[in-house]
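In what follows, a single structure is set out as structure tokens and then discussed.
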Protein chains: 2
Amino acid sequence: MTTATRAYASTAAGSTPAPWQYEPRQPRPDDVTIEILYCGVCHTDIHFVDNDWGMTQYPVVPGHEIIGRVTAVGADVSNFKTGDTVGVGCLVDACRECPCCEKGLEQYCAQGVWTYNGVDRHDGKVTYGGYAEGILVSERFVARLPDGLEPASAAPLLCAGITTYSPLRHVGVKPGDTVGVVGMGGLGHMGIKFAKAMGAEVTLFTRSQSKVDEGKRNGADHVVVSSDEQQMQQAAGSLNYILDTAPVEHDLNPYLTCLNVDGVYLLVGQLTPLNPPIDAIPLVLGRRSILGSAIGGMPETQEMLDFCAEHGIACDVEMINIQDIGTAYERMKKSDVRYRFVIDMASIKAE
Amino acid sequence: MTTATRAYASTAAGSTPAPWQYEPRQPRPDDVTIEILYCGVCHTDIHFVDNDWGMTQYPVVPGHEIIGRVTAVGADVSNFKTGDTVGVGCLVDACRECPCCEKGLEQYCAQGVWTYNGVDRHDGKVTYGGYAEGILVSERFVARLPDGLEPASAAPLLCAGITTYSPLRHVGVKPGDTVGVVGMGGLGHMGIKFAKAMGAEVTLFTRSQSKVDEGKRNGADHVVVSSDEQQMQQAAGSLNYILDTAPVEHDLNPYLTCLNVDGVYLLVGQLTPLNPPIDAIPLVLGRRSILGSAIGGMPETQEMLDFCAEHGIACDVEMINIQDIGTAYERMKKSDVRYRFVIDMASIKAE
């Protein structure tokens, strides 16, 4: 017998998540049962609530930046025990057999199961995310929160953190490298922190003169106002890498010319298509490249959390109650958050 | 005292190269004086004759796929002597001091001097290319033709060859890799040969069913007719690398989905912009990348020639006299050449 899980769900395109409940599955032998403490609010949540990508199955329970406490473990679980503080990100399952899974790149498995709006590989049911009091997740897709990380500000690391850490790590950012970061939202401010912690000299690109001081406070060595042509020309050919975190359509071409020879443009936004179109000449005449990257695999997610603990890195968050989610969405649409809302999930139990 | 150099020049946009002559510079101490034996005909030649890129300075003497014989060397020349058979490609000079030059990546030097329509760094004069009886080139920008390479069919290696060899080498194509090649012209047929010689399994993409047998004769293990959606779907996710040699605007998106996770799309055409625009989702959701590449540096050009000698690789050529250059251009515009015209420069001396 199970009891219903209290959650907040959106029931139709654009409807603000509201109280709802669902029957959780029977725990499986490899399942970790998690009481959710905190859940970060990602722009992707809004995309699914609004059905921007035409693939939302309602009701949808968003949330894939989850920190919680283990309340039970299945018989086959060996890495976690009751009382552990753990994290769950965008993925809760994958085929576990393909070359990607074998390499710990579960995020690229063709059978990957998203934390919400995914389809469970065993029972074919839709998955529900972190705007809830609890969740069941197979051990492989659970990460351990290392000592020294504050749980609330660690929640966004499970998506915003790993999404920016993974490409910087994949290309091997190291001391002496120059890294540009486009955008300073939830992802961008993490990108600055990671690149700095990896030893790079960091340049923030922002459209707004008003963000120059803020960018430097966040650790950027230089801030380039991208609407200022003279500043952009001065930055030409100066960067080994650019991490582009802007979530909306924008012109990549002015940034591509800021890469030096062999420079790599790291793209994490699912922009489709890349409009205005890209000019191939800066790529060809400088052996530059554009490299896509999505979140990270489970081994790298754990590595990222450990890296954050070691370097004292956390996300800058603003705490809210689940009842304030509509207001939070409205503010996010205006970029009015520094830099991530995190839901204190105690608020769902207080109802 | 110098005597005039006989050449073929185009004197206005679209005018077929015709007899012309120019006063060569006084040889410098690092100059190799070369009697040109053969010169390949590259599509770039037509672009410059037609002023397609708006940067042609007339008269223009095209030609950057040069094989010749050394007739004299300056006092500082140590690697070549009279009688040597040598090659000259797209570059005849660079700053020699920047990080690119230090790494032998002279093609990415911001001060690089193109073999024709370039500007000499010493005297500020326009450079003239290989549709001529001779050329003076600084030793650093001269390659040695290794024993075993037939001079006429080696000429196109200096552009078509190095342009395809360099990106395949840069990404480290090795036995067991799967490599796609888009297009089977002067570049594409070399791409097939190089990828095969590096040990890869090669898939040719062609728009035309009629080229299937020809592709296999050229060494492709598989041929996919890109207009056949079913064949394209079967190729989805199957390739480590795709070398795109198509010189005209085309849609990259169907090919991007043929890359597997971590696959790299090698782009050598100076397409501006990439229309229709690229969909970022296959990049992001598979850590795929698009990497530009331009010709190759001088050390790699020599390495490529040596690789060709070792593996018995040559360009498939059709010999012409310089007087037939107009007809050759017309046929190239209709893709009616298998696969590169090479001018027998003895024809210029017979006039």
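Numbers restart at 1 for each chain; the letters A, B, ... are given by sequence-line order, proteins then strands.
A distance of 10.0 Å separates CG in L267(B) from CD1 in I278(A), rounded to the nearest 0.5 Å. If you take CG on D279(B) and CD on Q270(A), they are separated by 9.5 Å, rounding to the nearest 0.5 Å.
By number of non-hydrogen pairs under 4.5 angstrom with chain B, the leading residue of D262(A), V264(A), L283(A) is L283(A). Put simply, of L266(A), N275(A), L285(A), the one with the most heavy-atom pairs under 4.5 Å next to chain B is L285(A).
Both the backbone and the side chain of R287(B) come within less than 4.5 Å of a heavy atom in chain A. Heavy atoms of L105(B) lying under 4.5 Å from chain A belong exclusively to its side chain. Residue N253(B): no heavy atom, backbone or side chain, is found under 4.5 Å from chain A.
The 12-atom threshold is not exceeded at CZ of R207(B), counting heavy atoms of other residues, nucleotides or ligands nearer than 6.0 Å. More than 12 heavy atoms of other shown residues, nucleotides or ligands fall within 6.0 angstrom of atom CZ in R169(A).
Closest of all the heavy-atom pairs between A280(A) and G269(B) is CB-O, 3.9 Å.
Looking at heavy atoms from C-beta onward, V261(B) lies out of side-chain contact with K103(A) at the 4.5 angstrom threshold.
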